[in-house]
Amino acid sequence: MALIGAFMERTLINDLRSQVGQVVTIKGWLQKLRDQKKMQFLVVRDHTGAVQVVFEKAANEELAAKISALTAESALKITGLLIDNPIVKMGGLELQLQSVEVENMAESPLPLDPFAETLPDMDYRLDWRYLDMRRPEVALIFRVQTTAEMAMREYWIKEGFREMHSPKLMGSPSESGAELFEVQYFDRKAFLSQSPQFYKQMAMSAGYDKVFEIGPVFRADPSFTSRHMTEFTGVDVEISWIDSHEDVMKFHEEWVAYIYQRVKEVHGEEIKAMLGVDVVVPETPFPRLTMSEAYAVLKAQDYALPPERKGDIDPGGERLLGKYVKEKYGNDFVFIIDWPIAVRPFYHMRHADNPGLTKSFDLLANGLEITTGAQREHRMEVLLKQAVEKGLTAEPIQFYLDFFKYGCPPHGGFGMGLNRFVMVLLGLNNIREATYLFRGPNRLSP
RNA sequence: GGGGGCGUGGUGUAGUGGUUUAACAUGCGGCCCUGUCAAGGCCGAGACCGCGGGUUCAAAUCCCGUCGCUCCCGCCA
């Protein structure tokens, strides 16, 4: 703040209180103009707040006319004397306008009025996302996301993690049947990465011990739901020298609790006031349900699982489990562990005493799947055998298999959807709300 | 890929066979009033009811097709 003030003539609206009695300059948007006979009132907003600006028309008719011509949401620079005025409902402050500079006049009418009583459809809001995002509630979502990512990094750094940036262009499809986007790559084909999975495991083989990556993930799945996107931000973690997936879960839950705690500290009150959501720091450890226990719970509640999908849980079942765990343990989070090999990829390690089950987990948050994790199979012969069992051939994944030839430690990790995480954290009902610019099967712009 | 729902002024909605020259709110334009502050009052512009076809004396309203959006399932994060 002080640094900016040193070379920029501007006071943030949130900092005005300390400048009473001085001439200050604010920069922001005209949220409301109340143009009266003798007086003009302007509500001006920047990214920190809003303040009332007042002008007495008789003082300067020319300036008054200039103000009258201002349109809603124009970008303005206003200089005036800041006074304390308890009558003003907006913080008891008032800026007595001396000059106004129009940096960018907004066309009128606005295609989307950020301060209208009713909110347009999501799709329309996405068409005019930059206007939609002027709403303080939307701005809050992305301030929270920033804090959340900061907290993630704080925790990682403290634990000795290294940040990786793996390539998103790949020469061959990595995981078997995954839906990949194909792109033209000079005179051949390339694919957009649908997970940094293999590359973060390579870092384990490189001896980096613990790594994380926050980056884009592409999925060519034509999914039309409130929680799927074709491009999203993945949060990936991989940890070496673990004994089992339990070690990964232990890290995961403490890390999540820390993020919640930081977000609550920094934004808790605002979130409550603007979004009506109480950020509750979850108790650790999170409850754990094995797949068979999860099935028993669902069966006890007469939930009918689709018979042909044996070994998996459908979204309705996940929501019910979330509700069950909330009631029984008072926790929004639950790990579903030990998934059958049929529904897990070849690289998940299997239980030594039960080869039909993997040492894997999903993390459900309020009944929504936000994370998949596992201990990885680091013994090359076993890995290859499991790949073949899944119908894969060695050639396309040979580069991956090679990671395990020269001293790769036992390891495991998880991949979490950042947007889903923010969605659950803030109680948003659609992933588009938690995403800067949504990408779906039918949306590539703006 | 399968299924459901919805498409009415800029936006959000009402109207679901004939008093519809399509209503209401908000926004926009004009005027009036007012140290205003969810401002108030009056007036005005703005929709061939997504598109195409059909049924009917009569369609925003029913049927078919089509496009768009949306949610659910599948898939996943």
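Lettering of chains follows the sequences in order, A, B, ..., and the numbering in each one begins at 1.
Applying the 4.0 Å criterion to OP1 and OP2 of A77(B), one finds that T372(A) has a side-chain N or O inside that range. A sub-4.0 Å separation between OP1 or OP2 of C72(B) and a side-chain N or O of R319(A) is absent. Taking 4.0 angstrom as the limit, K89(A) places a side-chain polar atom (N or O) nearer than this to OP1 or OP2 of A38(B). Taking side-chain N and O atoms only, T225(A) has no distance below 4.0 Å to OP1 or OP2 of C76(B). Between N85(A) and C37(B) there is no side-chain N or O to OP1 or OP2 distance below 4.0 Å. OP1 or OP2 of U70(B) has at least one side-chain nitrogen or oxygen of R432(A) nearer than 4.0 Å. Residue R34(A) has a polar side-chain atom (N or O) positioned under 4.0 Å from OP1 or OP2 of A39(B). Within the structure, a side-chain polar atom (N or O) of N442(A) is placed less than 4.0 Å from OP1 or OP2 of C69(B). The side chain of K37(A) places no N or O atom within less than 4.0 Å of a non-bridging phosphate oxygen (OP1 or OP2) of U36(B). Listed pair R227(A) / C72(B) meets the phosphate criterion, a side-chain N or O lying under 4.0 Å from OP1 or OP2.
Projected onto RNA chain B by closest heavy-atom contact, P111(A) and T71(A) fall at different nucleotides, the more 5' of which corresponds to P111(A). Ranked by how close their nearest RNA chain B nucleotide is to the 5' end, L112(A) and K38(A) are led by L112(A).
Within the nucleic acid shown, S226(A) comes within 4.0 Å of sugar-phosphate atoms alone, with no base atom in reach, counting heavy atoms only. Residue contacts shown for L110(A) are absent, as no nucleic acid heavy atom lies under 4.0 Å away. Using a 4.0 Å heavy-atom criterion, one finds that M122(A) contacts no nucleic acid atom at all. Within 4.0 Å (heavy atoms only), D236(A) reaches no atom of the nucleic acid at all. Residue contacts for V43(A): at a heavy-atom cut-off of 4.0 Å it reaches no nucleic acid atom on any strand shown. Residue G415(A) is classed as a sugar-phosphate contact, given heavy-atom separations below 4.0 Å to backbone atoms only. Backbone-only contact: D121(A) has heavy atoms under 4.0 Å from sugar-phosphate atoms and none from a base.
We find that E246(A) and R288(A) are joined by a salt bridge, their nearest charged nitrogen and carboxylate oxygen being less than 4.0 Å apart. Taking the charged nitrogens against the carboxylate oxygens, R420(A) and E369(A) have no contact shorter than 4.0 Å, which rules out a salt bridge. A salt bridge is defined here as a Lys NZ or Arg NE, NH1 or NH2 lying under 4.0 Å from an Asp or Glu carboxylate O, and R134(A) with E73(A) meets this definition. Checked for salt-bridge contact, K27(A) and D46(A) miss the test: no charged N lies under 4.0 Å from a carboxylate O.
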> Checking ring-ring contact (aromatic ring centres under 6.0 Å, His included) for the pair F414(A)/W255(A): CA distance, chi angles, key distance, verdict?
Replying inline: CA-CA 12 Å; F414(A) 62 85; W255(A) 175 77; 5.5 Å; yes
> Would D338(A) and H351(A) count as a side chain to side chain donor-acceptor pair (under 3.5 Å) if you check the C-alpha gap in whole Å, the side-chain angles of each, and the deciding distance to 0.1 Å?
Replying inline: CA-CA 8 Å; D338(A) 300 346; H351(A) 280 277; 2.8 Å; yes
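With rounding to whole Å, R443(A) atom CZ is found 13 Å from G68(B) atom P. Counting to the nearest Å, the P atom of C75(B) and the CD1 atom of I370(A) are 20 Å from each other. Put simply, NE2 on H348(A) is 12 Å from C1' on C76(B), counting in whole angstrom units. Q31(A) has its CD atom 15 Å from the C1' atom of U36(B), to the nearest Å. For L30(A) and C28(B), the CG to P distance is 11 Å, given to the nearest whole Å. G12(B) atom C1' lies 15 Å from atom CG of D123(A), rounded to whole Å. When the C1' atom of A77(B) is taken as reference, atom CZ of R344(A) falls 12 Å away, rounded to whole Å. One atom, CG of L364(A), and another, P of A77(B), lie 12 Å apart when rounded to the nearest Å.
D314(A) and Y303(A) share a side-chain donor-acceptor pair at under 3.5 Å. Under 3.5 Å, the side chains of Q197(A) and Q201(A) contain a donor-acceptor pair of N or O atoms.
Considering only the side chain of R219(A), C76(B) comes nearest among C28(B), G74(B), C76(B). For F41(A), counting side-chain heavy atoms from C-beta on, the closest listed nucleotide (A77(B), G12(B), U36(B)) is U36(B). Comparing C75(B), A39(B), A77(B) against the side chain of D312(A) picks out C75(B) as the nearest. Considering only side-chain atoms of E369(A), the nucleotide from C72(B), C37(B), A77(B) that sits closest is A77(B). Of all nucleotides listed (G10(B), U36(B), C72(B)), G10(B) comes nearest to the side chain of Y124(A).
Under the Watson-Crick or G-U wobble criterion, with both distances below 3.5 Å, A23(B) is paired with U13(B). Remark: G1(B) base-pairs with C73(B). Criterion, Watson-Crick or G-U wobble with two distances under 3.5 Å. Under the Watson-Crick or G-U wobble criterion, with both distances below 3.5 Å, C62(B) is paired with G54(B). For G68(B), the paired base is C6(B) (Watson-Crick or G-U wobble, both distances below 3.5 Å).
Distance noted for atom P between G68(B) and A25(B): 35 Å (whole Å). Using atom C1' as the reference point in both U11(B) and U21(B), the two lie 25 Å apart (nearest Å). Nucleotides G65(B) and G27(B), compared at atom C1', are 36 Å apart to the nearest Å. As rounded to the nearest Å, G52(B) and A45(B) have C1' atoms that lie 31 Å from one another. Straight-line distance between the P atoms of C48(B) and A39(B): roughly 31 Å, to the nearest whole Å. The separation of U61(B) from U8(B), taken at their C1' atoms, amounts to 11 Å, rounded to a whole angstrom. Comparing the same atom, P, in G18(B) and in A58(B) gives a spacing of 14 Å after rounding to whole Å. For the P atoms, the distance linking G44(B) with A22(B) amounts to 16 Å, nearest Å.
Using a 4.5 Å cut-off on side-chain heavy atoms (C-beta onward), H47(A) and L12(A) make contact.
Counting distance only, with no hydrogens placed and no angle test, the side-chain atoms of S108(A) and the base atoms of G29(B) include no donor-acceptor pair under 3.5 Å. Between the side chain of Q40(A) and the base of U36(B), no donor-acceptor pair under 3.5 Å is found.
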